Protein chains: 2
Amino acid sequence: MKKIIVQLNKTFDNRVRLGIMSMLMVNDWVDFTTLRDLLELSDGRLASHIKALEEEQFIEVRKQFVGRKPNTSYRATKAGKKAFTDHLDALERMIKGVKE
Amino acid sequence: MKKIIVQLNKTFDNRVRLGIMSMLMVNDWVDFTTLRDLLELSDGRLASHIKALEEEQFIEVRKQFVGRKPNTSYRATKAGKKAFTDHLDALERMIKGVKE
DNA sequence: TTAAAGTACTTTGAAAAACAAAGTTATAAG
DNA sequence: CTTATAACTTTGTTTTTCAAAGTACTTTAA
């Protein structure tokens with residue numbers, strides 16, 4: 001039972017980021033406003049956490065026009081999904097396995 | 001599917017605190033040094049997170065002497081266990097349930 | 001046609017949280 | 001007498017988080 005904490009990903013030490021990733025694990029291409037409204041965040045707060053996840057390359061962006069309106073959507077990258085499931089696995093192991 | 005993020009407890013937005021709580025969910029009375037060594041933390045870092053959890057009344061302390069040496073142990077309170085399982089449940093619901 | 005509202009941010013600044021490093025008190029072992 | 005262990009606390013810095021306001025462009029409403 002070594003290196004318990006290190007296996008948890010620091011990027012996911014945040015409720016908002018957990019929320020974004022959860023959404024993007026199940027849904028392909030979720031747009032900015034949907035994310036903002038579902039997670040009940042301000043534009044700025046959402047944008048800042050999205051930026052953090054983008055910098056880690058855990059999510060990717062698609063910008064397009066729907067009709068005449070700009071539309072920005074996000075989805076989890078392969079690396080992002082892996083990092084997230086790894087994190088959750090580590091958490092589960094930690095909760096279940098910490099005896100001694 | 002409302003109030004997704006709010007159900008996650010801010011106190012557990014931290015790897016160290018998740019580690020401490022995980023330990024104390026399964027083990028009754030874990031002492032300071034054991035916690036410190038297993039989680040591979042410095043005295044100061046461990047102490048500060050313990051303090052935060054104590055202030056929330058999620059853990060309680062017992063100070064005694066073992067032989068001639070001081071020994072400080074911690075365990076999760078009822079409220080602490082509830083808060084932690086509530087948090088984990090919310091997380092699970094969020095991961096599994098965020099469709100739409 | 002002027003005003004208001006929506007989309008998707010960025011910037012700024014402040015507050016909160018986290019952390020490392022060193023200091024502390026007290027006992028105990030070598 | 002020196003070093004070590006236990007369990008912290010203090011100090012100061014760095015990092016993180018967030019709210020609030022600003023921006024640029026478009027569209028819808030009055």
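Chain letters run A, B, ... following the sequence lines, proteins first and then strands; every chain starts at 1. Predicted model only: the values in this text are computed from it and were never measured.
Using a 4.5 Å cut-off on side-chain heavy atoms (C-beta onward), A/Lys82 and A/Phe58 make no contact. Residues A/Tyr74 and A/Thr72 are in side-chain contact: their nearest non-hydrogen atoms beyond the backbone lie under 4.5 Å apart. You'll find the side chain of A/Met21 stays beyond 4.5 Å of the side chain of A/His87, heavy atoms only. Using a 4.5 Å heavy-atom cutoff, the side chains of A/Met25 and B/Ile95 are not in contact.
Rounded to an integer number of Å, the gap from B/Arg36 CZ to D/dA7 P is 8 Å. Spacing between atom NZ of B/Lys51 and atom C1' of D/dT9 amounts to 8 Å, rounded to whole angstrom units. The distance from atom CG of B/Leu35 to atom P of D/dT5 is 19 Å, rounded to the nearest whole Å. For the pair B/Asp13 CG and C/dA17 P, the computed distance is 11 Å after rounding to whole Å. Counting to the nearest Å, the C1' atom of C/dT10 and the CD atom of A/Glu54 are 13 Å from each other. A straight line from NE2 of B/His49 to C1' of C/dA16 spans 13 Å, rounded to a whole angstrom. For B/Leu46 and C/dA18, the CG to P distance is 14 Å, given to the nearest whole Å. D/dT5 atom P lies 15 Å from atom CG of B/Asp31, rounded to whole Å.
Residue contacts shown for B/Ser48 are absent, as no nucleic acid heavy atom lies under 4.0 Å away. Looking at heavy-atom distances under 4.0 Å, A/Phe65 makes no contact with the nucleic acid at all.
Nearest-nucleotide positions on DNA chain C place A/Ile50 closer to the 5' end than the other of B/Arg15 and A/Ile50.
Comparing C/dT10, D/dA19, C/dT7 against the side chain of A/Ser42 picks out D/dA19 as the nearest. Closest contact between the side chain of B/Phe32 and the listed nucleotides C/dA20, C/dT7, D/dA7 involves D/dA7. In the set D/dA19, C/dC9, D/dC8, C/dC9 carries the atom at the smallest distance from any side-chain atom of A/Asp43. Nearest nucleotide to the B/Val16 side chain, out of C/dC19, C/dC9, D/dA6: C/dC19. In this structure, of D/dA7, D/dC8, C/dA20, it is D/dC8 that holds the atom nearest to the side chain of B/Tyr74. In this structure, of D/dA19, C/dT7, C/dT10, it is C/dT10 that holds the atom nearest to the side chain of A/Ala47.
Close to D/dA4, at under 4.0 Å from its OP1 or OP2, lies no side-chain N or O of B/Lys69. Regarding contacts with the backbone of D/dC8, a side-chain N or O of B/Thr72 is found under 4.0 angstrom from either OP1 or OP2.
In terms of hydrophobic clustering, with Ile, Leu, Val, Met, Phe, Trp and Tyr side chains grouped at heavy-atom distances under 4.5 Å, A/Leu53 and A/Trp29 are assigned to different clusters.
Taking the six-membered ring for Trp, B/Phe12 and B/Phe84 have ring centres closer than 6.0 Å.
Annotation for A/Gln57: atom CD does not count as buried by contact number, only 12 or fewer foreign heavy atoms lying within 6.0 Å.
A donor-acceptor contact shorter than 3.5 Å is absent between the side chain of B/Asn27 and the backbone of B/Val30.
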Scan nucleotides 13-16 of chain D against the protein and return all N/O pairs shorter than 3.5 Å with their distances rounded to 0.1 Å.
residue, atom, partner, partner atom, Å
D/dT16, OP1, A/Lys10, NZ, 3.2

